[in-house]
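Notes follow once the structure below has been shown.
Atom set for the values below is all heavy atoms of this structure, side chains included, hydrogens, waters and symmetry mates excluded. Residue numbers run from 1 in the order of the sequence given.
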Amino acid sequence: MASSTTYFPNVKQITFEGPKSDNPMAFKYYDANRKIAGKTLREHLKFAVCYWHSFCGVGADPFGSGTLLHKWDQASHAMDRAKARLDAAFEFFTKLGTPYYCFHDRDLAPEGGTVVESEKNLSTMVDLAKRMQQSTGVKLLWGTANLFSHPRYMNGGATNPDMRVVAHAAAQVHAAIASTVELGGTSYVFWGGREGYNSLLNTDMKRELDNLAQFLCLARDYGRKIGFKGDFLIEPKPMEPSKHQYDFDAATTIGFLRQYGLDKDFKLNIEANHATLANHTFAHELQVASDAGLLGSIDANRGDPQNGWDTDQFPTNVYDVVEAMLVILSSGGFKHGGINFDAKVRRNSTDNEDLFIGHIGAMDTFAFGLEVAANLIEAGVLTKIKAARYQSFNAGIGLEFIKGKVSLAQLRDYAADLPNFAPDSGKQELVENIVNQYLFGRTLT
């Protein structure tokens, strides 16, 4: 049962007050029960709060110690801190009104001195979390295992050159998958935080990739055996902490999954800040995953292009979100996945309410972006312009080319017989202005 302690005593239930409200502790655009394109915003967006940044983070960065003094971190015993953290988390979820949350195993429960003790700690916390879910209606979106923080994982988890470490990683994943199933999670994520290399001089890359694939196969088989019917997800990231990580970006990860025959069970969890680090846009990574039929879920945040690491800021760039939602809606929306806010307050944002404000702004941004994207899709204006650019493939030699019924020599002869022509305009300025037209509110209701 939850304790009687209130961790956010000055915060009331966050409600929708509309765009004219000046209340920083209210939603301006996220009206959970409002319907757009046949579904409520709650159903479309499936918001989740991440456990690690929100309740385990203390505001530390590579150059300084923590600045956040959490009330739930005051107990001397690790398990007592974990239980207080759980109480604080569910108070936050319910006051904010998010339907889901996500966690690493070590976020929820502290590591013990042995594998058995670690499993016991996690089992205890899972039992408590399950009661919290039942009493509040909040659900688990996905779980994962932290295979990067402990010193044993300095050379990776599943790709470690030491079989003893690989076995430890397997023990953690074994318990984390079971915990995810117990809590009703609809996805399970693998983030290869150290699954990569710092120098090829001492790395057998083929062996490590083969071992990673074997590890994922074992995890999949175990999950299916115990009744997990959701998606296993890989979260691409190019580097940091490793110099090069094997799940560099969406395209690289898809190639890996297909090479090892894992693409029937695994999809991708795309993070905006990781796309930035790979020199891609968020929309690009989403589109690559969607085109492959492997878009599973997203981590919503934003990076700072002037920093070379994960800043994990709350997403407030409406342009980026509109482009992202265009891809997500066009791909049919989320099935097992959702929108997890893998974001943290800034190191100098130390008031108790700042965590709420960050999430409120991010949720409003996605609600607004969803509406703009839905209006653009309904109007069909971008679709028409895009279709017109490729109309030459709808008939004649273009259609024959697509069907594989024309040779290279025939294409040469076709080109030789063509009169001089001017290439068609791409109309980039037009499509950008159309997005602005809808974004500026002409069609918003």
Side-chain angles (χ1 to χ4, degrees), residues 8 10-37 39-50 53-54 92-102 138 141 271-273 282-283 286 297-304 311-329 333-334 337-346 349 351-377 435-445:
F8 304 96
N10 298 323
V11 178
K12 298 179 181 179
Q13 184 71 40
I14 307 300
T15 60
F16 172 74
E17 293 185 5
K20 294 184 179 180
S21 172
D22 290 326
N23 180 6
M25 300 295 282
F27 295 119
K28 316 303 185 299
Y29 297 98
Y30 178 63
D31 181 357
N33 297 317
R34 183 187 173 197
K35 282 195 172 183
I36 291 179
K39 293 196 296 187
T40 65
L41 267 64
R42 177 186 290 266
E43 293 169 324
H44 270 298
L45 298 171
K46 297 177 69 176
F47 287 137
V49 175
C50 81
H53 288 320
S54 297
F92 182 85
F93 304 152
T94 53
K95 285 186 173 180
L96 183 62
T98 46
Y100 298 96
Y101 71 107
C102 302
V138 176
L141 185 66
E271 179 178 317
N273 203 166
F282 187 28
L286 292 170
S297 193
I298 69 172
D299 272 9
N301 55 23
R302 79 180 197 274
D304 188 325
T311 55
D312 288 330
Q313 295 168 247
F314 282 97
T316 55
N317 187 317
V318 179
Y319 282 88
D320 287 348
V321 170
V322 168
E323 285 198 59
M325 291 309 305
L326 281 169
V327 178
I328 292 167
L329 288 177
F334 299 113
I339 299 174
N340 171 51
F341 290 117
D342 187 1
K344 56 188 175 186
V345 295
R346 298 302 84 198
S349 296
D351 285 344
N352 204 304
E353 66 182 18
D354 290 333
L355 188 60
F356 282 93
I357 293 172
H359 282 87
I360 289 167
M363 293 165 75
D364 273 341
T365 300
F366 267 89
F368 186 85
L370 167 67
E371 183 169 3
V372 173
N375 287 338
L376 282 164
I377 291 172
V435 171
N436 276 351
Q437 181 182 7
Y438 279 69
L439 205 151
F440 292 160
R442 184 178 72 85
T443 61
L444 296 185
T445 57

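Heavy atoms only, all atoms of each residue included: His44 and Phe334 are closest at O-CD1, 3.5 Å. Between Gln313 and Gly303 the shortest heavy-atom distance is OE1-C, 4.0 Å. Counting all heavy atoms, side chain and backbone alike, Asp299 lies closest to Phe282 at O-CZ, 4.4 Å. Summarising the geometry of Leu286 relative to Ile298, their closest heavy-atom pair is CD2-CG2, 3.5 Å, with the distance given to 0.1 Å. Taking each heavy atom of His53 and Ala343 in turn, the nearest pair found is CB-O, 3.4 Å. The minimum heavy-atom distance between Gly369 and Val322, with the atom names listed, is CA-CG2, 3.9 Å.
At least one side-chain heavy atom of Pro99 sits under 4.5 Å from a side-chain heavy atom of Arg42.
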Side chain to side chain contact (heavy atoms under 4.5 Å, CB included), that's the test. Do Thr15 and Glu17 meet it? Break it down for me.
CA-CA 6 Å; Thr15 60; Glu17 293 185 5; 4.1 Å; yes

Begin with the C-alpha distance, continue with both residues' side-chain angles, and end with the deciding distance and a verdict on side chain to side chain contact (heavy atoms under 4.5 Å, CB included) for Thr98 and Val138.
CA-CA 7 Å; Thr98 46; Val138 176; 5.9 Å; no

Which is it for Leu141 and Tyr101 under the side chain to side chain contact (heavy atoms under 4.5 Å, CB included) test, yes or no, and what are the steps along the way?
CA-CA 6 Å; Leu141 185 66; Tyr101 71 107; over 6 Å; no

Dump the intermediate steps for side chain to side chain contact (heavy atoms under 4.5 Å, CB included) on Thr311 and Lys344, then the final yes or no.
CA-CA 8 Å; Thr311 55; Lys344 56 188 175 186; over 6 Å; no

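A centroid separation of less than 6.0 Å is found between the aromatic rings of His359 and Phe92.
Note: Tyr29 and Phe368 have perpendicular aromatic rings, judged against thresholds of 30 and 60 degrees for the angle between ring planes. Using cut-offs of 30° and 60° for the angle between ring planes, the Phe314 and Phe341 rings count as tilted.
With Lys95 contributing its side chain and Val11 its backbone, the two residues share a donor-acceptor pair below 3.5 Å. Counting only distance, with no hydrogens or angles, the side chain of Thr40 and the backbone of Lys35 share no donor-acceptor pair below 3.5 Å. A donor-acceptor contact shorter than 3.5 Å is absent between the side chain of Lys28 and the backbone of Asp364. No donor-acceptor distance shorter than 3.5 angstrom exists from the side chain of Asp312 to the backbone of Asn273, with no hydrogens or angles considered. At least one donor-acceptor pair under 3.5 Å links the side chain of Thr365 to the backbone N or O of Gly361. Checked by atom type and distance alone, the side chain of Asp351 never pairs as donor or acceptor with a backbone atom of Asp354 at under 3.5 Å.
Taken from CG in Asn33 to CD in Glu43, the straight-line distance is 9.0 Å, to the nearest 0.5 Å. Met25 CE to Leu96 CG: the interatomic distance, rounded to the nearest 0.5 Å, is 9.0 Å. Going from atom CG of Leu41 over to atom CG of Leu370 covers 5.0 Å, rounded to the nearest 0.5 Å. Interatomic distance, Asn375 CG to Ile377 CD1, rounded to the nearest 0.5 Å: 9.5 Å. With rounding to the nearest 0.5 angstrom, the OG atom of Ser54 is 4.5 Å from the CG atom of Leu355. Between the CG atom in Asn340 and the SG atom in Cys102 there is a gap of 4.0 Å [rounded to 0.5 Å].
Residues meeting the ring-ring contact (aromatic ring centres under 6.0 Å, His included) test with Phe27, sequence neighbours left out: Tyr30. With sequence neighbours excluded, no residue forms a ring-ring contact (aromatic ring centres under 6.0 Å, His included) with Tyr319.
For the residue pair Asn301 / Glu271, a side-chain donor-acceptor distance below 3.5 Å is found, with atom types taken as modelled. No hydrogens or angles considered: a donor-acceptor pair under 3.5 Å links the side chains of Thr316 and Arg302.
Heavy-atom neighbours of Lys39 NZ from other residues, nucleotides or ligands within 6.0 Å: above the threshold of 12.
Ion pairing of Glu371 with Arg34 is present here, as a side-chain N (NZ or NE/NH1/NH2) and a carboxylate O approach within less than 4.0 Å.
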